[in-house]
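Per chain, numbering begins at 1; letters A, B, ... match sequence-line order.
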Number of protein chains: 2
Amino acid sequence: MNTKLPVPERLLAVAGDLFAREGYDAVSVRQITSRAKANLGAVTYHFGSKEALFHAVIDRMGTPFADRFVAIAAERGTPLDRITRIVTMVLTERNLPAPAMILRELATDRPLPPPLMQLMQRNLAAVAGLVREGQADGSIRAGDPSLLALSVMAQPFLMRIASRIPRDIAGVDRTDMETQRRLVKHVVTTIIRSLAS
Amino acid sequence: MNTKLPVPERLLAVAGDLFAREGYDAVSVRQITSRAKANLGAVTYHFGSKEALFHAVIDRMGTPFADRFVAIAAERGTPLDRITRIVTMVLTERNLPAPAMILRELATDRPLPPPLMQLMQRNLAAVAGLVREGQADGSIRAGDPSLLALSVMAQPFLMRIASRIPRDIAGVDRTDMETQRRLVKHVVTTIIRSLAS
DNA sequence: TCCGTATTCATACATACGTATGAATACTAA
DNA sequence: TTAGTATTCATACGTATGTATGAATACGGA
């Protein structure tokens, strides 16, 4: 870990990586501080607690993620175009820990961290807005925009983590460039078919 | 926990509940044994280790789950009908811990437990088979059956865990009967639209 | 330079963890 | 009833956990 950066920054980066990959419970404060080349007490000192650091991490990785949603939603193009762009972004962007993080927390009975809730709220609102736009101009079929937004996001989120499923089971392999292009095309086609009126 | 059942049975039941709700790392052997009214050493004695118990739990909850998939796939009706039945089952069945378990493990970088892999393999194979059937009789559009199967399952799996999202964010609320019916209808409609040729 | 605050550091604390141990008890077949 | 195995039980071991403590050091403005 780059020792030039300030300690809280290093902690956020390392913790973000570890939490996203292993989950909150599987990562210890000692792992974080040692990889960040910080003292054991640094988490308590700079963030107050491990949980507070976790929330800060969600915030830090979630804000630019949601910003991308909002930015794409504000671009030019038909609503279906912009939805396609968001879906493609979620599928192809490198180092995008948010989807796995969101799915893991959703799948767990623990109370959702407030920053995670806010993050999902922003993402879904952006997509739901596009759905409403499309419904208004007749390009998207009728239906609850919130539900449709959830349906839209379900596939790219799941496909992203499903790249862990061996190819012989699911036919997904994110490492191969050509396979990835086919995957994006597949997901986009599937989503547009489910949305178009 | 019903003390009439044999200890390994009780351990499987309690551990299944806890692992499904909290995840492997957040559950301790002491929690399991105390709720199962068994001795602390019971996990080691009957299963060998906490991890072995985890695998046994996946196997025990996964087998009937996958059996349902295979059974429905073998029923009468058009392929789209049977896919609809599987999707409805995943969405409405009570006490179905498998989807959350699968999503959480997929979202985590740890090696997938072998029984979980086998479970997904069976589920996806059942759906992919139906897709192939539908492609053969012309009712389902062209496309990689494995990918289409993944696309089909993405929504019910995500919607099941998304019931944790407050209604004002996502419009999902599994507790209300009428809302649930609407949700099933929505998901089924969306999936059929994305599959039909 | 000096002072006061901010940060780092090593270490301690209490608790929790998964597993091992060996004695005690329960059970089953002869 | 007895012998032998299966299971239960309390407890111990070593290690790991998140956080607290107080001394040491670094730093920035007067």
*Please report, rounded to the nearest Å, how far the P atom of D:dT8 is from the CZ atom of B:Phe47.*
11 Å

*asked:* Is the ring pair B:Phe54/B:Phe19 parallel, tilted or perpendicular, if the boundaries are 30 and 60 degrees?
replied: perpendicular

*Determine, for nucleotides 13-24 of chain D in 5'-to-3' order, which nucleotides have protein heavy atoms under 4.0 Å from the base (write B), from only the sugar-phosphate (write S), or from neither (write -).*
----BBBS----

*If we only count heavy atoms from C-beta on, is the B:Leu130 to B:Val152 side-chain gap below 4.5 Å?*
no

*Distance in angstrom units between A:Tyr45 OH and C:dT7 P, rounded*: 4 Å

*May I ask you to decide whether A:Asp67 forms a salt bridge with A:Arg122, counting only side-chain N to carboxylate O separations under 4.0 Å?*
yes

*Below 4.0 angstrom from OP1 or OP2 of C:dA6, is there any side-chain N or O of A:His46?*
no

*Give a yes or no on whether B:Leu112 and B:Ile58 share a hydrophobic cluster (residues Ile, Leu, Val, Met, Phe, Trp, Tyr; joining criterion: side-chain heavy atoms under 4.5 Å apart).*
yes

List the atom pairs, with distances to 0.1 Å, where a side-chain N or O of residues 88-101 of chain B and a protein N or O form a donor-acceptor pair under 3.5 Å, not counting sequence neighbours.
{"unit_1": "B:Thr88", "atom_1": "OG1", "unit_2": "B:Thr84", "atom_2": "O", "d": "2.7"}
{"unit_1": "B:Thr92", "atom_1": "OG1", "unit_2": "B:Thr88", "atom_2": "O", "d": "2.7"}
{"unit_1": "B:Glu93", "atom_1": "OE1", "unit_2": "B:Arg68", "atom_2": "NH2", "d": "2.9"}

